[in-house]
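Hydrogens, waters and symmetry mates play no part in the numbers below; they use all other heavy atoms, side chains included. Just so it is clear, the model here is predicted, and its values are computed rather than measured.
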Amino acid sequence: DNDYYKFDLKSDDASVLYVDGAKLIDNDNAHGVTSMTGTKFLRRGVHSFRLDYAQQQGSQALILNMNEELLTENRFAH
């Protein structure tokens with residue numbers, strides 16, 4: 001539906017989320033597990049998403065939620 005969607009990106013080390021070609025969340029650089037959020041108005045239909053991720057030494061984490069729901073690969077087409 002046409003609405004605002006809240007994205008929560010949690011990662012250990014660098015992650016950046018782009019929606020429809022625009023950077024929405026910039027959680028870049030080496031760091032421990034850190035969560036950042038971004039909100040975007042989306043119209044009903046197909047949208048492009050790009051998630052860049054880099055892992056350095058230590059712990060690993062990469063979690064993406066949309067409106068409090070975990071986004072898994074079955075929600076995406078490629």
Do [X] and [Y] share a hydrophobic cluster (ILVMFWY, side-chain heavy atoms under 4.5 Å, transitive)?
X: M66; Y: L62; value: yes
X: Y18; Y: L51; value: no
X: L64; Y: Y5; value: yes
X: M36; Y: L24; value: yes

Item to check | Test item: side-chain donor near acceptor, D13 and Q55, under 3.5 Å | outcome: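 Yes.
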Item to check | From CA spacing to verdict: salt bridge (Lys or Arg N to Asp or Glu O under 4.0 Å), D8, K6 | outcome: CA-CA 7 Å; D8 179 52; K6 179 182 173 187; over 6 Å; no
Item to check | Residues in salt bridge (Lys or Arg N to Asp or Glu O under 4.0 Å) contact with D26, at least two apart in sequence or another chain | outcome: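 D26: salt bridge (Lys or Arg N to Asp or Glu O under 4.0 Å) contacts with K23.
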Checklist entry - Within a strict 4.5 Å, meaning less than it, do heavy atoms of the N2 and F41 side chains meet? => result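 Side-chain contact under 4.5 Å: yes.
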Item to check | Any K10 side-chain heavy atom under 4.5 Å of V33 side chain | outcome: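 The answer is yes, as the side chains (C-beta and beyond) meet within the 4.5 Å cut-off.
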Next on the checklist: Measuring from atom CG of N65 to atom OG of S35, what distance do you get when rounded to the nearest 0.5 angstrom?
Outcome noted: 8.0 Å
Item to check | Spacing of CG belonging to L70 relative to CD1 belonging to I63, to within rounding of 0.5 Å | outcome: 7.5 Å
Checklist entry - With sequence neighbours left out, what residues match A54 under side chain to side chain contact (heavy atoms under 4.5 Å, CB included)? => result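 Applying side chain to side chain contact (heavy atoms under 4.5 Å, CB included) to A54 gives A14.
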Item to check | For the student: nearest non-hydrogen atoms of F7 and I25, plus distance | outcome: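 F7 and I25 have their closest heavy atoms at O-CD1, 3.5 Å.
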Next on the checklist: I need the minimum non-hydrogen distance between S15 and L9, along with the two atoms involved.
Outcome noted: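 Residues S15 and L9, closest heavy atoms: OG-CD2, 3.3 Å.
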Checklist entry - Tell me, which pairs form a side-chain hydrogen bond (donor to acceptor under 3.5 Å, both in side chains) where one or both residues lie in residues 39-49, sequence neighbours left out? => result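 Applying side-chain hydrogen bond (donor to acceptor under 3.5 Å, both in side chains) to every pair that reaches into residues 39-49, excluding sequence neighbours, yields D20-H47.
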Checklist entry - Can you tell me if N27 uses its side chain to pair, donor with acceptor, with the backbone of T34 under 3.5 Å? => result yes
